[in-house]
Amino acid sequence: MPGAAPLNRPEAGALLAWYDRHRRRLPWRALPGEKADPYRVWLSEIMLQQTTTVAAAPYFLRFLTRFPDVAALAGAPVEEVLKLWAGLGYYARARNLHACAKAVMDRHHGIFPSSEAELLTLPGIGPYTAAAVAAIAFDLKATPMDGNWERVVARLFAVEEPLPGSKPRLRTLSGTLTPDERPGDFAQAVMDLGATICTPKRPACVLCPWATACEARAKGIQDSLPRKAAKPAKPERFGAAFWARRPDGAILLRRRPPKGLLGGMTELPTTPWGPRLDRDTVLTQAPFPADWRIRTGVVTHVFSHFALTLEVFAADLPQTAVAPEGAWWAAPASIDSEALPSVFRKAVELARR
DNA sequence: GAGGCGTGGGG
DNA sequence: TCCCCAAGCCT
């Protein structure tokens, strides 16, 4: 193509120099020259799985206050970990977090292993997180390929094959970029670049340290990369939750099954979630026979794989009412500190109105 | 390996 | 309003 400027190679040094000037200040990040704490790096990486830095930050700070090190976390009951995690989503992460802390105590005497292979054997740590901890906590040469990497590399090399099929190719290309020096900073630099410059929509190419190396920019197709397969529409489900109240104000709560959706979390007693049911059928699922009154309005909530519409029924029960198996009466003041997922916080809010 | 698994914010 | 998205893992 005569007249077109030849592309530079994407040099790690150029990105690291940009990082040294523009690194984001994040609560889990060590200061320049400071040694990283593997516990904090691991904790942050678990929280950041499919989660924005803005959402994770307050949870990270609360966890660090309550569980300053891996021994404190391992020694706590899992229920307390779930309470602190409530609202952050993907609750298997919290269960695995606790299991991982115990494994580090039992198998590694409380010291996080540094190799990707050993990290991979721990609960909740997959290929991405193993590489991230190895790189960021131990400055080992590893390539934690997340959504940021995929986007940056897809654009840098103008990979037009859609995700997820292009993943192996993106991985190969990523590996060629990682330098021997400062691999931890480099990994964080790519993430910062993806979060602030090479964004999903309208990337700020004029500010990008790799702009002159970017094949997608040269072709003018950066906005359309990486390509992704279209997602199917979310199915709709319906259900009802029950707000049973005693004269002393206590509310009936229940523990969900230990695995699956919202596994191990606290809930208001609820029907199963599926096709819409008529009122009589719904009330056969109530925890007690009672004078159930439907609340005005509904709770709507979107999960990862379906959308839920929840009705709320309320009834006053006698002080002598015995909580069914797996349920208990909770003092009103204790409800806000329960391990209630967001969908049930919405239901509580509706019931209290 | 395809699907289950949350949530809140932004365009 | 709707759709997309965010530092994935497990089965």
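Computed over heavy atoms, backbone and side chain alike; hydrogens, waters and symmetry mates excluded. Residue numbers start from 1 in every chain, and the chains themselves are labelled A, B, ... in the order their sequence lines are given, proteins ahead of strands. What you see is a predicted model; the values in this text were computed from it and never measured.
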Visitor: Could I get a table of every N or O pair under 3.5 Å where one atom is in the protein and the other is in nucleotides 8-11 of chain C?
Guide:
from, atom 1, to, atom 2, distance (Å)
C:dG8, OP1, A:Gly147, N, 3.4
C:dG8, OP2, A:Gln50, N, 2.7
C:dG8, OP2, A:Gln50, NE2, 3.1
C:dG8, O5', A:Gln50, N, 3.4
C:dC9, OP1, A:Gly126, N, 2.8
C:dC9, OP1, A:Gly126, O, 3.3
C:dC9, OP1, A:Thr129, N, 3.0
C:dC9, OP1, A:Thr129, OG1, 2.8
C:dC9, OP2, A:Tyr128, N, 3.3
C:dC10, OP1, A:Gly124, N, 2.6

Visitor: Among A:Leu253, A:Thr270, A:Val299, find the residue that satisfies the side-chain contact (heavy atoms from CB on, under 4.5 Å) test when tested with A:Phe344.
Guide: A:Thr270

Visitor: Distance between the P atoms of B:dG8 and C:dC9, in whole angstroms?
Guide: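 Here B:dG8 and C:dC9 have their P atoms 22 Å from each other.
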
Visitor: Are the side chain of A:Arg276 and the backbone of A:Phe238 linked by a donor-acceptor contact shorter than 3.5 Å?
Guide: no

Visitor: Go through DNA chain B in 5' to 3' direction and return only the first and the last nucleotide with some atom under 4.0 Å of chain A's heavy atoms.
Guide: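 The contacted stretch runs from B:dG4 to B:dG8.
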
Visitor: Which class fits the ring pair A:Phe186 and A:Trp149: parallel under 30°, tilted 30 to 60°, perpendicular over 60°?
Guide: perpendicular

Visitor: CG of A:Leu310 to CG of A:Leu350: how many Å apart, nearest 0.5 Å?
Guide: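 It comes to 9.0 Å.
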
Visitor: Would you compute the distance between atom CD of A:Glu45 and atom CH2 of A:Trp42 and round it to the nearest 0.5 angstrom?
Guide: 12.0 Å

Visitor: Under a 4.0 Å threshold between the charged nitrogen and the carboxylate oxygen, would A:Lys219 count as salt-bridged to A:Glu215?
Guide: yes

Visitor: Before accepting this row, confirm whether a basic side-chain N of the pair A:Asp291/A:Arg293 lies closer than 4.0 Å to the acidic partner's carboxylate O.
Guide: yes

Visitor: Name the nucleic acid region contacted by A:Val302, choosing base, sugar-phosphate or nothing; use a 4.0 angstrom heavy-atom cut-off, strictly under.
Guide: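 If one applies the 4.0 Å heavy-atom cut-off, A:Val302 turns out to touch a base.
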
Visitor: May I ask you to evaluate whether A:Lys231 reaches the phosphate of C:dC5, defined as a side-chain N or O under 4.0 Å from OP1 or OP2?
Guide: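 A:Lys231 to C:dC5 OP1/OP2: side-chain N or O found under 4.0 Å.
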
Visitor: If you measure from the P atom in B:dC5 to the same atom in C:dA7, how many Å do you get, rounded?
Guide: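 After rounding to an integer number of Å, I get 23 Å for this pair.
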
Visitor: Any ion pair linking A:Arg246 and A:Asp316 (charged N to carboxylate O, less than 4.0 Å)?
Guide: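 Salt bridge absent between A:Asp316 and A:Arg246.
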
Visitor: Going by side-chain hydrogen bond (donor to acceptor under 3.5 Å, both in side chains), name the residues that satisfy it together with A:Gln319, two or more places apart in sequence or in a different chain.
Guide: A:Asp248

Visitor: Test your reading of the model: is there a side-chain donor-acceptor pair from A:Tyr59 to the backbone of A:Ala86, 3.5 Å cut-off?
Guide: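 Yes: the side chain of A:Tyr59 pairs with the backbone of A:Ala86.
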
Visitor: To the nearest Å, give me how far apart NZ (A:Lys234) and P (C:dT1) are.
Guide: 17 Å

Visitor: Would you kindly say whether A:Arg93 and A:Gln49 are connected by a side-chain donor-acceptor distance under 3.5 Å?
Guide: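 Absent: no donor and acceptor within the cut-off.
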
Visitor: Once you apply a heavy-atom cut-off of 4.0 Å, does A:Ser304 come out as touching a base, just sugar-phosphate, or nothing?
Guide: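 Touches a base.
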
Visitor: Give the rounded distance in Å between these two atoms: CG of A:Leu225 and P of C:dC4.
Guide: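 To the nearest whole Å, that distance equals 17 Å.
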
Visitor: With C1' as the reference atom in both, quote the distance from B:dG1 to C:dG8 in angstrom, rounded to an integer.
Guide: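 One C1' to the other, the span is 15 Å.
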
Visitor: Where along residues 173-203 of chain A does a heavy atom fall under 4.0 Å from DNA chain C?
Guide: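 Heavy-atom cutoff 4.0 Å gives A:Met191, A:Pro200.
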
Visitor: Aromatic rings A:His22 and A:Trp18: how do their planes relate, parallel, tilted or perpendicular, breaks at 30° and 60°?
Guide: tilted

Visitor: For the pair A:Val159 and A:Arg169, evaluate side chain to side chain contact (heavy atoms under 4.5 Å, CB included) and give the outcome as yes or no after the intermediate values.
Guide: CA-CA 9 Å; A:Val159 175; A:Arg169 171 154 178 73; 4.2 Å; yes

Visitor: Would you call the rings of A:Trp28 and A:Phe60 parallel, tilted or perpendicular, taking 30° and 60° as the class edges?
Guide: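 Rings of A:Trp28 and A:Phe60: perpendicular, over 60°.
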
Visitor: With side chain to side chain contact (heavy atoms under 4.5 Å, CB included) as the test, would you mind laying out the steps for A:Phe138 and A:Val133 before giving the verdict?
Guide: CA-CA 7 Å; A:Phe138 299 104; A:Val133 172; 4.1 Å; yes

Visitor: Where along residues 21-35 of chain A does a heavy atom come under 4.0 Å from DNA chain C, residue by residue in number order?
Guide: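 Going residue by residue through residues 21-35 of chain A, the ones with a heavy atom under 4.0 Å of DNA chain C turn out to be A:Arg24, A:Leu26, A:Trp28, A:Arg29.
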
Visitor: Please determine if A:Arg256 forms a cation-pi arrangement with A:Trp273, meaning its NZ or CZ atom is less than 6.0 Å from the six-membered ring centre and no more than 45° off the ring axis.
Guide: yes

Visitor: Counting just side-chain N and O atoms, does A:Arg151 come under 4.0 Å of either OP1 or OP2 of C:dC5?
Guide: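 Answer is no, no contact under 4.0 Å.
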
Visitor: Tell me which residues in residues 62-86 of chain A put a heavy atom below 4.0 Å from DNA chain C, sorted by number, or none.
Guide: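 None - not one residue of the stretch has a heavy atom sitting under 4.0 Å from the strand.
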
